[in-house]
Visitor: 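This is the structure I have questions about; it appears just below.
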There are 2 protein chains.
Amino acid sequence: MSDPYRLYYWPSIQGRGEFVRLILENAGAAYVDVARRPKSEGGGVEALFGLLREEPIFAVPALVAGDLVIAQSALICSFLGRRHGLAPEGEAGRLHADQLQLTIADVVDEAHDTHHPLGAGLYYEDQREAAAIRGRAFAGERIGKLLGFFERALARGGGGALVGEAISFVDISLMQLLLGLEYAFPRGFARATEKTPKILALRDRVAARPRLAAYLASPRRIPFNEDGIFRRYPELDLE
Amino acid sequence: MSDPYRLYYWPSIQGRGEFVRLILENAGAAYVDVARRPKSEGGGVEALFGLLREEPIFAVPALVAGDLVIAQSALICSFLGRRHGLAPEGEAGRLHADQLQLTIADVVDEAHDTHHPLGAGLYYEDQREAAAIRGRAFAGERIGKLLGFFERALARGGGGALVGEAISFVDISLMQLLLGLEYAFPRGFARATEKTPKILALRDRVAARPRLAAYLASPRRIPFNEDGIFRRYPELDLE
């Protein structure tokens, strides 16, 4: 494929699109982050609305790869992983990787819903009390259960990678999940990860891969912020 | 494969496992619904807990197919669809079907969260007020937006099936989603579907397929109930 990939996602947040950006960056793939281009060059959020009008996809992120238009972050990551040598070989490994990626996506949804428990259509300010209940339950118990699951899944395979021997798209996604949870729930994360040394070590190993380390230190990496999925609202974290 | 599939899911609800049951039934595949077998024969919910202890999966439904253990309902449906002639051919069609299936799974999550907005760890009775806010927003606006998306996706392909010409696992899943939403939110569903005749017609066509019609009328089909995902709590529906 000679054309660069075209990634459609909100231009000012990491969000679900960041899982895709990280796979593209690790692969060294040429891509255009469409909405971060100037409006005069076909970018801006108008490009997202245009795609959503024209294609049968419900939400971004979406990736245009030649004639293919793919939405759903877990599906995009799996697609790119297989294309760029970042996915396990064989049916069992591929299914296992896809399953873990979907579980990571579920955790991302849960993290999002801590600040919007009553619905994405209401402002955070209008659901702070509900958010505090859900957030503290998440930071206090749920994080530990979820991260404990990934720790066991990693330990089962020997500790080098979640599926098989080599780093795959799932390990990169787990890294991002851990960075996000640590940003949003520093106290809950610190307590939960006392019992999960293996996934922390994996996170650091993945983040040190040359292309990812370069990306994470670059201006292309949008900082975490309170418009994204992982928001640092202290009232949602453990006390 | 000579061994029957083994489906692991809660024995008293449709839930996310029902999407898998429907694909198995439509395929005429031999399967054991493990937890619905007597405990003395290795069934019961103990079988679910055993699988979750032994395998690197976070939750059920899970399908055991020979040596493969697959979790995440959308992934299982896609896997079975491809195996049993219920999936589009070609990369673009397969990706499109997987994307729509994941979007259906997202709607299922939203429907679940209407009755548990503050977290699955709390009883419904302890979050009724929050649930009423989220439920009415879902039944009042969100259903219409979501079903409108599927109506447009279906219309785009000519109206016969969501992807390509033939019924695939996605159409069967959409049928179940529509049945569930109609059960849980009869008033919101009635209003929203005034504008979506094509997906209603597709639902009825799918439900009339001989194997599915026989299944839906059989005792194997667990009735909707208020322990499942789609719960008829009138206070969450439109007034």
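Within every chain, numbering begins at 1; the chains are lettered A, B, ... in the order of the sequence lines, protein sequences first and strands thereafter. Because the structure is a prediction, the values reported are computed rather than measured.
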Visitor: Does some side-chain heavy atom of Leu102(A) sit less than 4.5 Å from a side-chain heavy atom of Leu102(B)?
Guide: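 Result yes, sub-4.5 Å side-chain heavy-atom pair found.
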Visitor: Can you check whether chain B and chain A share any donor-acceptor pairs under 3.5 Å, and give the atom names and distances if they do?
Guide:
residue: Glu54(A); atom: O; partner: Arg156(B); partner atom: NH1; Å: 2.7
residue: Pro56(A); atom: O; partner: Gln99(B); partner atom: NE2; Å: 3.3
residue: Gln72(A); atom: NE2; partner: Thr103(B); partner atom: OG1; Å: 3.1
residue: Gln72(A); atom: NE2; partner: Asp106(B); partner atom: OD2; Å: 3.0
residue: Gln99(A); atom: NE2; partner: Pro56(B); partner atom: O; Å: 3.3
residue: Thr103(A); atom: OG1; partner: Gln72(B); partner atom: NE2; Å: 3.1
residue: Asp106(A); atom: OD2; partner: Gln72(B); partner atom: NE2; Å: 3.1
residue: Pro117(A); atom: O; partner: Arg134(B); partner atom: NH1; Å: 2.8
residue: Arg134(A); atom: NH1; partner: Pro117(B); partner atom: O; Å: 2.8
residue: Arg156(A); atom: NH1; partner: Glu54(B); partner atom: O; Å: 2.7

Visitor: Which answer fits Phe79(B), side chain, backbone, both or neither, if we ask what part of it has an atom under 4.5 Å from a heavy atom of chain A?
Guide: side chain
Visitor: For the CD1 atom of Ile104(B) and the CZ atom of Phe58(A), what is their distance to the nearest 0.5 Å?
Guide: 12.5 Å
Visitor: Taking the side chain as C-beta and beyond, is there a heavy-atom pair between Leu122(A) and Ile133(B) under 4.5 Å?
Guide: yes
Visitor: Does any backbone or side-chain atom of Ile70(B) lie under 4.5 Å from a heavy atom of chain A? Answer side chain, backbone, both or neither.
Guide: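 For Ile70(B), the contact with chain A is made by the side chain alone.
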Visitor: What part of Ile76(B) gets within 4.5 angstrom of chain A, counting heavy atoms only: side chain, backbone, both, or neither?
Guide: neither
Visitor: Against chain A, work out which of Leu52(B), Leu75(B), Leu68(B) has the most heavy-atom pairs shorter than 4.5 Å and name it.
Guide: Leu75(B)
Visitor: For Ala184(B), what residues pass the side-chain contact (heavy atoms from CB on, under 4.5 Å) criterion, not counting sequence neighbours?
Guide: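 Testing Ala184(B) for side-chain contact (heavy atoms from CB on, under 4.5 Å), a comparison that skips the adjacent residues, returns Phe230(B).
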Visitor: Which residue out of Leu146(A), Leu162(A), Val69(A) racks up the most heavy-atom pairs below 4.5 Å with chain B?
Guide: Leu146(A)
Visitor: Side chain, backbone, both or neither: which part of Leu100(A) has an atom under 4.5 Å from a heavy atom of chain B?
Guide: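 Only the side chain of Leu100(A) comes within 4.5 Å of chain B.
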Visitor: Compare every heavy atom of Pro117(B) with every heavy atom of Leu118(A), then report the nearest pair and how far apart it is.
Guide: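 Of all heavy-atom pairs spanning Leu118(A) and Pro117(B), the closest is CD2-CB, 4.4 Å.
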Visitor: Ala71(B), Ala130(B), Gly121(B): which one forms the most heavy-atom pairs within less than 4.5 Å of chain A?
Guide: Ala71(B)
